[in-house]
Structures are given as structure tokens and as C-alpha cells.
2 protein chains.
Amino acid sequence: MQTERISDAEFEVMNCLWQTSPLTASDIAGLVPQERQWSLQTVKTLLSRLVAKNVISHEVDGRRYLYSPLVSRSEYVSGESKRFVDRLFSGRAGPLFAHLAEREAFSEEDISDIEKLLREMKK
Amino acid sequence: MQTERISDAEFEVMNCLWQTSPLTASDIAGLVPQERQWSLQTVKTLLSRLVAKNVISHEVDGRRYLYSPLVSRSEYVSGESKRFVDRLFSGRAGPLFAHLAEREAFSEEDISDIEKLLREMKK
DNA sequence: TCGCAATGACTACAACCGTAATCGTAATGT
DNA sequence: ACATTACGATTACGGTTGTAGTCATTGCGA
């Protein structure tokens, strides 16, 4: 029973729920980024699909639902990261890093973050 | 005219073409990983879709086509990496790295690769 | 020469996705 | 009490994806 795939649009909804929960459908319609100006109905559809996929739960509150995540952001990010690194870099972080470096995808800040992490890992 | 999205199945076909090209449809049907035992027809459908998406080209050879990539693996990987890091880590490599570290996603080899790259970047 | 095999083109079809509209019901304001 | 509204459920609909089947043609082997 591995976790179901979450689509791009569903992911926006999850981001709201990961930030605050529980939330109603209308709450979420109000929170979703402006560039994706969804109708309330669209948000409700996404919520039902997420419930069907078993990644959020809904608790009855009067005649509304309060939605909460069942999967943490960190769990989700881990799964996606693994998929990504497996698919494009044969599961190895070294080549991923090399690729990002080659494309100059690192800021100064990224680099010092990484150096710090490496020092911590050494201990 | 940004590059079209490539689906998972299509990606397997691209991997064959990135390794060797040009190839015929039958070549590819023979090369594709065993776990995805596609019929020749399936491979042909994927090839037409890739042509329609403008990421491979086909050159006539008698009554067959010889297919070749129009997009390099490295270009593709860059695009996907950017999408991934933007979506899950707000475009910052530092947090990506931190997440991988936390999940113990690095092998010893990865770590020494990365250290080496960092030293080279310093110069 | 004649049938068959290989090949590309077109068609199929269910699941999933983005984006809603509509429907039935129940609470709410007046 | 009645109209309006807020909600969840159901339905819609075109596009993409995975996975092929079918069709028309044509070169090749016997």
C-alpha cells in the first residue's frame, strides 16, 4: 500500500494543509496562490481526490468537513526525492550534485549550508 | 516554445536513444528494460508521441524510420532538476541537500564526490 | 509472382488531471 | 415560512498517459 501519487494541483492544496490544519474547503480556496485562481468547486474536487487517495482525512464539523494531512510534508518530500534521484541519477546523490554544480545552480548561501552540513555529518 | 513534458514511459525510450542513436522502433523494443515488457506497438506509439512533442526526430531509411534525440539528456535533466528543486525546495539547493542528509540518502562515495566538487569549485 | 511479414498510421480505451457545473439538501437570514 | 445560501456528492469534458489493436502498404523470400 505505497502512498498514492499527488498531482501538481493537489500538491498546492497539500501545501496549504501542511502549513495549517485542519482547514475547510473555503479556507483553502482562500489560501491557494493567486496565480492558480481556482473556483471553490475545483478546490473541493481536489480535496475529494486527496481523500480518495488517502493522503488527507476529513472530520465532520456540522455540515462541513475539516481536512487534515495524513502524510507529512517531509514524508512526501522524501518519497519524491527518492523517485527523482532514482530516475535521473541512478539513485546517487553525487551525480546529482555534480549536475547542479555544472549548471551553476548553487548560490553562495547554498554552498555554505552544504559545507556546514558536511562538517556536522563528520562528527 | 519551452520543451514539452516527457512522460515516464517516454523517458525509458529516450534513455535508449540517449545511449545510442539513431535507432529503429524494433531496436528500441529490444533495448527497453525487461520489467517494462512493451509490445512493439507500444514502443511505436511512444515514439510518435515523442516526435509530436518535438523531442526526437525521425529520418526516413527505406520504409522505416531512424530516430534520434533532439534534446540532450543533460538539457532534459537540467530542466527536470529545476522543476524539482523549485517545487519542493523553493529553488534552493541547500534545503534539498539538508533533506537528503537527514534521510541518510548519501553513501560514503557520494560524500567524497561532493567534497571533491566543493574543493574544485573553490578554485 | 504471390503470400507473408514488417512497418508506419490511425484508432481504442480506461485511468488520471485540470477545471469546473449541476444537483440535492440543509442551515440561515428576514 | 420561504428564499437564499453554503456544502458535499455527482457528473462533465477535453487533454495526457499507459498500453495496445487494427489497417493499409510494401518489400522480400520461396
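Numbers restart at 1 for each chain; the letters A, B, ... are given by sequence-line order, proteins then strands. As a basis for the values below, the full set of heavy atoms in this structure was taken, side chains included, without hydrogen atoms, waters or symmetry mates.
- Rounded to whole angstrom, the span from the CG atom of B:D61 across to the C1' atom of D:dT26 amounts to 15 Å.
- One interatomic measurement links the two molecules: CG of B:L40 to C1' of D:dT19, which rounds to 13 Å at whole-angstrom precision.
- Between B:L70 and B:N54, the shortest heavy-atom distance links the atoms CD1-O, 3.7 Å.
- Between A:E12 and B:R87, no side-chain nitrogen of the basic residue sits less than 4.0 Å from a carboxylate oxygen of the acidic one, so the salt-bridge criterion is not met.
- For D:dT17, the base has no donor-acceptor partner in the side chain of B:R36 [N/O atoms by modelled type, under 3.5 angstrom].
- Residue side chain A:Q41 reaches the base of D:dA9 through a donor-acceptor N/O pair under 3.5 Å, judged by distance alone.
- In the set D:dC7, D:dA12, D:dT17, the nucleotide with an atom closest to the side chain of A:K44 is D:dC7.
- Rounding to the nearest 0.5 Å gives a distance of 4.5 Å between CD1 of B:I56 and CG of B:L50.
- Taking both residues in full, the closest heavy atoms of A:W18 and A:S72 are given as NE1-C, 3.4 Å, listed atom of the first, atom of the second, then distance.
- For A:T45, taking side-chain heavy atoms from C-beta onward, the closest of the listed nucleotides D:dT19, C:dC17, C:dA20 is C:dA20.
- Residue A:S7 places no side-chain N or O under 4.0 Å from the OP1 or OP2 atom of C:dC16.
- Rounding to whole angstrom units, CH2 of residue B:W38 and P of D:dA20 are separated by 10 Å.
- Residue B:S26 has no polar side-chain atom (N or O) positioned under 4.0 Å from OP1 or OP2 of C:dA6.
- Counting only heavy atoms from C-beta on, B:A25 has its side chain closest to C:dG8 among D:dA12, D:dG8, C:dG8.
- Rounding to the nearest 0.5 Å places CG of A:L31 at 11.0 Å from CG of A:N15.
- For D:dG27, its base never sits under 3.5 Å from the side chain of B:R64 at any donor and acceptor pair.
- Toward the 5' end of DNA chain D, the nearer of the two residues B:Q37 and B:K53, judged by each one's closest nucleotide, is B:K53.
- One can place CD of B:E10 at 12 Å from P of D:dT19, the figure rounded to the nearest angstrom.
- Summarising the local packing, CD of A:E104 is surrounded by 12 or fewer heavy atoms from other residues, nucleotides or ligands at distances under 6.0 Å.
- The separation between B:R63 atom CZ and D:dC23 atom C1' is 14 Å, rounded to whole Å.
- Each end of the helix from C:dT1-D:dA30 to C:dT30-D:dA1 yields a helix axis from five base pairs, and these two axes differ in direction by 10° (to the nearest 10 degrees).
- Note: CG (B:L47) to C1' (D:dA20) measures 14 Å, nearest angstrom.
- Remark: the A:S39 side chain and the C:dA20 base include no donor-acceptor N/O pair separated by less than 3.5 Å.
- Between D:dA6 and A:Y65, no contact under 4.0 Å exists linking OP1 or OP2 to a side-chain N or O.
- Checked against D:dG18, D:dA20, D:dA12, the side chain of B:T42 finds its nearest nucleotide in D:dA20.
- Contact between B:E10 and B:L46 at its shortest, heavy atoms only, is CG-CD2, 3.9 Å.
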